[in-house]
Amino acid sequence: MPELPDVEIYRKYLQSTAFNQKIVKADFYCPRILHDITERRLQSALRGCRFTAAERHGKHLFAALDDTKWLVLHFGMTGFLAYYKDPDKQPSHVCLQVAFDNGYYLAYDCQRKLGQISLTADMESYIKKLGMGPDAMDQELSFSTFKDRVANGRGMIKSALMDQDRIAGIGNIYADEILFQAGVDPKAKAGRLDEDRLRAIFRKTKEVLSTAIDRQAHPEDFPRSYIIPRRQAGAACPKCDGSIEAVKVSGRTTYYCPKCQK
DNA sequence: ACATTGACCTGAGAGC
DNA sequence: TGCTCTCAGGTCAATG
């Protein structure tokens with residue numbers, strides 16, 4: 001689930017729930033999710049601290065601990081956050097549970113355990129180390145930077161959009177939506193697209209992602225012209241009288257309308 | 001340089 | 001009802 005819009009919603013959720021409360025305890029339930037850090041070190045980094053800020057870069061969430069270090073959360077395919085007081089509200093695949101002094105808990109839940117939890121003193125260098133490109137929603141991201149990063153190579157445009165090293169934050173389903181809204185064939189060669197199509201993709205990237213954030217990433221609340229709520233082969237295209245087809249692009253199932261996307 | 005495949009994990013849903 | 005099969009919104013490494 002968690003692509004840029006979902007992680008942005010988690011960021012706001014964290015901000016509006018767990019901020020500025022003292023952490024009294026942290027419990028870990030799946031060691032494999034820890035990345036380059038031991039349970040002990042993370043435990044001692046968390047205890048006694050408060051979450052004081054939350055930033056997002058691509059699909060990564062950075063939660064500041066007393067403004068001195070960052071808890072880094074990546075959600076894999078199935079991760080999410082939950083804040084609750086009643087232990088009955090605890091979700092079923094908790095990997096990390098933080099207890100606060102007000103009696104509430106914050107859980108990082110990840111059913112398939114494909115996410116990662118880490119710690120860093122410096123967010124910028126962490127991002128750099130991972131080789132991530134600029135965030136897709138970064139206000140500073142200009143068309144020319146976007147073009148330089150995305151419109152090169154012989155690969156397909158959908159793969160380029162999903163490549164976190166080029167632009168961070170776009171995953172399988174939002175790549176499909178962006179290309180559907182831009183009217184571009186997901187298999188088109190990234191390096192062969194003309195200026196107009198690239199501009200359309202750039203514009204739709206911002207538009208689709210911000211629309212998704214506004215709608216809380218609930219597909220049922222997306223505009224009627226969106227393809228995301230209709231991700232099945234044979235579904236009616238929301239823009240023409242054709243129908244949606246499923247194909248594989250870089251191994252990922254891709255839904256698109258062959259009539260609208262050339 | 002790029003596409004493809006399989007691996008990492010677990011569970012939901014389809015089909016029988 | 002229960003079994004088996006396929007698939008899932010992410011990423012990485014190995015292979016062609």
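Note that the structure is a prediction, hence the values are computed from the model and not measured. Residue numbers start from 1 in every chain, and the chains themselves are labelled A, B, ... in the order their sequence lines are given, proteins ahead of strands.
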Q: By nearest nucleotide on DNA chain C, pick out whichever of D6(A) and D165(A) is the more 5' one.
A: D6(A)

Q) Can we say K259(A) and D241(A) salt-bridge, meaning some charged N sits less than 4.0 Å from an Asp/Glu carboxylate O? A) yes

Q: Indicate whether OP1 or OP2 belonging to dC9(B) is found under 4.0 Å from a side-chain N or O atom of R32(A).
A: yes

Q: Using both distances under 3.5 Å as the test, list the Watson-Crick or G-U wobble partner of dG9(C), or none.
A: none

(Q) When you measure from the centre of the six-membered ring of Y255(A), is the NZ or CZ of R230(A) closer than 6.0 Å and no more than 45° off the axis? (A) no

Q: Test the K187(A)-Y256(A) pair against the cation-pi criterion, namely NZ or CZ under 6.0 angstrom from the six-membered ring centroid and within 45° of the ring axis.
A: no

Q: Just call it for E3(A): base, sugar-phosphate, or nothing, with non-hydrogen atoms closer than 4.0 Å on any strand.
A: sugar-phosphate

Q) Which part of the nucleic acid, if any, lies within reach of T78(A) when heavy atoms closer than 4.0 Å are counted: base, sugar-phosphate only, or nothing? A) nothing

Nearest-angstrom distance from the residue atom [atom1] of [X] to [atom2] of [N]:
X: R252(A); N: dA3(B); atom1: CZ; atom2: C1'; value: 14 Å
X: M162(A); N: dT4(B); atom1: CE; atom2: P; value: 12 Å
X: F75(A); N: dC9(B); atom1: CZ; atom2: C1'; value: 18 Å
X: Q116(A); N: dC8(B); atom1: CD; atom2: P; value: 16 Å
X: K248(A); N: dT5(B); atom1: NZ; atom2: P; value: 10 Å

Q: Anything under 4.0 Å to a heavy atom of chain A counts; send over the first and last such nucleotide of DNA chain C, read 5' to 3'.
A: dA8(C) to dT11(C)

(Q) Measuring only the C1' atom in each nucleotide, how far is dG6(B) from dT6(C)? A whole number of Å is fine. (A) 16 Å

Between [X] and [Y]: side-chain donor-acceptor atoms closer than 3.5 Å:
X: Q181(A); Y: E207(A); answer: no
X: N152(A); Y: K147(A); answer: no
X: S118(A); Y: D36(A); answer: no

Q) Is the count of non-hydrogen atoms from other residues, nucleotides or ligands lying under 6.0 Å from Q139(A) atom CD greater than 12? A) no

Q. For G153(A) and R112(A), take the nucleotide of DNA chain B holding the closest heavy atom to each; which residue's nucleotide lies nearer the 5' end?
A. G153(A)

